[in-house]
Novice: 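Take a look at this one; I'll ask things after.
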Number of protein chains: 2
Amino acid sequence: MGRTPPHPDVSQFDLQLVLEALVDPVRRSIVSQLDAAGEDRACGSFDMPVSKSTATHHFKVLREAGLIRQYYVGTSRMNALRRAEMDEAFPGLLDALTARRTAVARG
Amino acid sequence: MGRTPPHPDVSQFDLQLVLEALVDPVRRSIVSQLDAAGEDRACGSFDMPVSKSTATHHFKVLREAGLIRQYYVGTSRMNALRRAEMDEAFPGLLDALTARRTAVARG
DNA sequence: CCAGAAGTACGATCGCTGTCAAACTTTGAT
DNA sequence: ATCAAAGTTTGACAGCGATCGTACTTCTGG
């Protein structure tokens with residue numbers, strides 16, 4: 001569907017949801033890749049050892065936790081890291097987790 | 001028993017294990033209480049909504065992730081937060097998670 | 001208009017983990 | 001010696017979530 005999916009507001013960010021999102025290695029890798037890229041990227045452009053349907057699931061979890069913002073460009077769904085807002089809600093958290101320690105594991 | 005349980009060395013701290021430990025609300029509460037107390041505390045002295053056997057499980061997970069150090073004093077098992085070592089391995093992580101967000105000012 | 005590309009939606013597994021109760025161990029006090 | 005306190009161990013169970021394949025939708029290019 002072309003409609004924009006629901007995104008939580010910064011005031012509704014929940015630490016529990018954020019941690020549940022970041023505890024998964026695949027999702028943490030997505031965040032790291034997005035952070036390293038410094039620009040928005042399509043779902044399909046990520047290096048991920050899972051199927052497309054599983055990838056969709058991971059992006060949804062990240063979006064609902066407030067970690068990424070998603071919007072369509074043609075058939076591609078773009079993903080933007082909501083770093084400033086995360087830093088506002090949980091100062092230091094993303095810094096601690098994106099510290100070039102990235103390892104992509106098969107889970 | 002009575003013997004000291006195994007503790008990982010700082011050089012072997014693993015981010016994945018640490019996050020898996022901290023994603024559980026009960027365990028995060030233990031860490032927060034330990035941090036707020038500023039001193040070692042016995043297992044039974046924590047405010048936890050679970051049974052003793054479940055508590056034992058949580059302390060074990062925290063210990064194996066390197067978040068706490070455990071030692072016996074009489075029949076009590078004391079718990080110490082390994083903050084300095086955690087800060088060394090993952091700078092800013094515990095700070096971000098033990099931040100009291102109810103308060104306003106932050107020095 | 002049609003084919004392909006990019007994702008989503010939907011079930012269905014399947015393993016993991018948080019939970020408890022019950023039995024046990026160790027220590028300290030009476 | 002006995003008893004209670006503090007945890008541990010074991011075994012079982014329930015629910016969640018990561019995974020996949022298949023079918024479906026939407027958009028773009030020819």
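So you know, we letter chains A, B, ... as the sequences are listed, proteins then strands, and number each from 1.
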Novice: Expressed as a whole number of angstroms, how long is the span from A/Arg28:CZ to D/dA18:C1'?
Specialist: 15 Å
Novice: So, for A/Leu94 and A/Val31, which heavy atoms are closest and what is the spacing to 0.1 Å?
Specialist: CD2-CG1, 4.2 Å
Novice: Under the side-chain hydrogen bond (donor to acceptor under 3.5 Å, both in side chains) criterion, do B/His7 and B/Arg69 qualify, and how do the steps go?
Specialist: CA-CA 7 Å; B/His7 290 81; B/Arg69 173 162 279 121; 4.8 Å; no
Novice: Distance check needed: C/dG28 C1' versus B/Tyr72 OH, whole Å only.
Specialist: 15 Å
Novice: Which whole-number value in Å describes the distance from B/Glu20 CD to C/dC16 C1'?
Specialist: 10 Å
Novice: Taking only heavy atoms on the protein side, list every residue of residues 53-61 of chain A lying under 4.0 Å from any atom of DNA chain D, sorted numerically.
Specialist: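 Residues of residues 53-61 of chain A that come under 4.0 Å of DNA chain D are, in numerical order, A/Ser53, A/Thr54, A/His57, A/His58.
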Novice: Does the side chain of B/Thr56 pick up a donor-acceptor pair with the side chain of B/Ser53 at under 3.5 Å?
Specialist: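 Side chains of B/Thr56 and B/Ser53: no pair found under 3.5 Å.
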Novice: When the distance from OH of A/Tyr71 to C1' of C/dA6 is rounded to whole Å, what number comes out?
Specialist: 15 Å
Novice: Could you check whether A/Asp40 and A/Tyr71, counting side-chain N and O atoms only, form a donor-acceptor pair closer than 3.5 Å?
Specialist: yes
Novice: From C-beta outward on A/Ser51, which listed nucleotide comes closest to its side chain: D/dT26, D/dA6, D/dG21?
Specialist: D/dG21
Novice: Can you name the nearest heavy-atom pair linking B/Phe90 to B/Asp14, along with the distance?
Specialist: CZ-C, 3.9 Å
Novice: Nearest-Å distance, CG (A/Leu62) to C1' (D/dA18)?
Specialist: 13 Å
Novice: Could you tell me whether B/Asp95 and B/Arg83 have a side-chain N and a carboxylate O separated by less than 4.0 Å?
Specialist: yes
Novice: Atom CE of A/Met48 and atom C1' of C/dG7: how far apart are they, to the nearest Å?
Specialist: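 Atom CE in A/Met48 sits about 11 Å away from atom C1' in C/dG7.
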Novice: Group every Ile, Leu, Val, Met, Phe, Trp and Tyr by side-chain heavy-atom contacts under 4.5 Å, then state whether A/Leu97 and B/Phe13 land in the same group.
Specialist: yes
Novice: Distance alone, cut at 3.5 Å: any donor-acceptor contact between the side chains of B/Ser32 and B/Ser29?
Specialist: no
Novice: Is there a path of hydrophobic side-chain contacts, each under 4.5 Å between heavy atoms of I, L, V, M, F, W or Y residues, that connects A/Leu19 with A/Leu67?
Specialist: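 As far as the 4.5 Å side-chain criterion goes, A/Leu67 and A/Leu19 are connected within one cluster.
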Novice: Provide, to the nearest angstrom, the distance between the CD1 atom belonging to A/Ile30 and the C1' atom belonging to D/dA18.
Specialist: 13 Å
Novice: Please determine if a side-chain N or O atom of B/Ser76 lies less than 4.0 Å away from the OP1 or OP2 oxygen of D/dA5.
Specialist: no
Novice: Distance check needed: C/dT27 C1' versus B/Met78 CE, whole Å only.
Specialist: 15 Å
Novice: Considering heavy-atom distances to DNA chain D, does B/Gln70 or A/Asp24 have its closest nucleotide positioned more toward the 5' end?
Specialist: B/Gln70
Novice: Strictly below 4.0 Å, heavy-atom distances to any atom of DNA chain C: list the hits from residues 36-43 of chain A, or just say none.
Specialist: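 Of all residues in residues 36-43 of chain A, the ones placing a heavy atom under 4.0 Å from DNA chain C are A/Ala42, A/Cys43.
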